[in-house]
Amino acid sequence: MDSFWALFASAAGLGVLHTLAGPEHYLPFAAIAKARGWTPLRASMAALACGAGHLLSSLAIAAVGVLVGAGVGIFKDVDPIRGDVGKWIFLLFSILYFAYGIFKGISKNRRRSRGSFTAFDKASFGMLFVVFALGPCEILTPLVMYPASHFDWVAVLFITLAFTISTLATMAACVALLSAGLKSFETEKLELWGEALAGAVLIVCSGIMFA
């Protein structure tokens with residue numbers, strides 16, 4: 001029982017720490033929110049949806065592994081492939097977003113939509129969701145390996161919930177705070193080159209993922 005509570009507390013704490021230590025968990029959403037005129041609430045909701053996709057995809061792979069007899073250890077074989085694909089997709093998306101921002105800045109055409117999703121909003125969110133869904137969950141895997149090896153599925157469930165809730169809550173809080181802070185910076189140049197700056201932030205976050 002002591003080991004369960006230790007793993008539970010570790011899962012909750014690591015959920016917070018690994019999110020704060022990885023700016024790719026929140027900077028892309030804050031940057032796009034600023035460029036696209038999203039409210040902090042919309043940005044946080046986008047982060048929650050992508051974060052949920054990230055965690056649920058890992059759990060789905062684990063569930064399949066259990067059903068076919070491969071166990072939760074299937075993470076070790078599938079996660080590296082998912083991670084590589086996700087990184088390259090994110091890099092491509094970042095470059096395309098940056099190029100789009102440059103084009104928008106040069107053309108001096110700022111068509112922004114507030115209060116509803118435009119086609120580009122949906123594309124931005126869709127690509128981020130795909131990247132997060134493909135991204136491996138390196139921290140969660142070792143946390144659930146021990147109880148899973150003892151077939152303690154209740155412990156696996158609660159440890160997963162602790163990690164998931166703390167991760168999503170930290171993502172949403174960081175995105176909301178950053179988005180709210182960035183809304184106070186309104187300049188003509190930022191309005192003109194906001195999309196390009198957002199693309200540059202995405203490229204930096206992509207580089208961090210490759211590091």
Between [atom1] of [X] and [atom2] of [Y], what distance do you get to the nearest 0.5 Å?
{"X": "Phe103", "Y": "Phe98", "atom1": "CZ", "atom2": "CZ", "result": "15.0 Å"}
{"X": "Ser94", "Y": "Leu202", "atom1": "OG", "atom2": "CG", "result": "4.5 Å"}
{"X": "Leu91", "Y": "Leu96", "atom1": "CG", "atom2": "CG", "result": "9.5 Å"}
{"X": "Cys50", "Y": "Met171", "atom1": "SG", "atom2": "CE", "result": "7.0 Å"}
{"X": "Leu182", "Y": "Trp38", "atom1": "CG", "atom2": "CH2", "result": "13.5 Å"}

For the hydrophobic clusters of this structure (ILVMFWY residues joined by side-chain heavy atoms under 4.5 Å, transitively), does one cluster hold both Phe93 and Val130? yes
If I compare all heavy atoms of Ser44 with all of Ala172, which pair ends up nearest, and what's the gap?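 Smallest heavy-atom distance, with atoms named: OG-O, 3.2 Å.
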Which atom pair, heavy atoms only, marks the closest approach of Ser179 to Ala30?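 It is OG-CA, 3.9 Å.
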Report yes if the side chains of Ile32 and Leu128 come closer than 4.5 Å at any heavy-atom pair, otherwise no.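 Side chain of Ile32 against side chain of Leu128, heavy atoms only: contact under 4.5 Å found.
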With a 3.5 Å cut-off and sequence neighbours excluded, list the donor-acceptor pairs that the side chains of residues 22-29 form with protein atoms.
residue, atom, partner, partner atom, Å
His25, ND1, Gly22, O, 2.9
Tyr26, OH, Leu20, O, 2.9

Let me have the donor-acceptor pairs involving side chains of residues 154-168, under 3.5 Å, with sequence neighbours excluded, atom names and distances please.
residue, atom, partner, partner atom, Å
Thr160, OG1, Val156, O, 2.7
Thr164, OG1, Thr160, O, 2.7
Ser166, OG, Ala12, O, 3.1
Ser166, OG, Ala162, O, 3.0
Ser166, OG, Phe163, O, 3.1
Thr167, OG1, Phe163, O, 2.8

Glu195/Tyr97 under side-chain hydrogen bond (donor to acceptor under 3.5 Å, both in side chains): CA gap, chis, key distance, verdict: CA-CA 7 Å; Glu195 305 279 12; Tyr97 201 112; 2.7 Å; yes
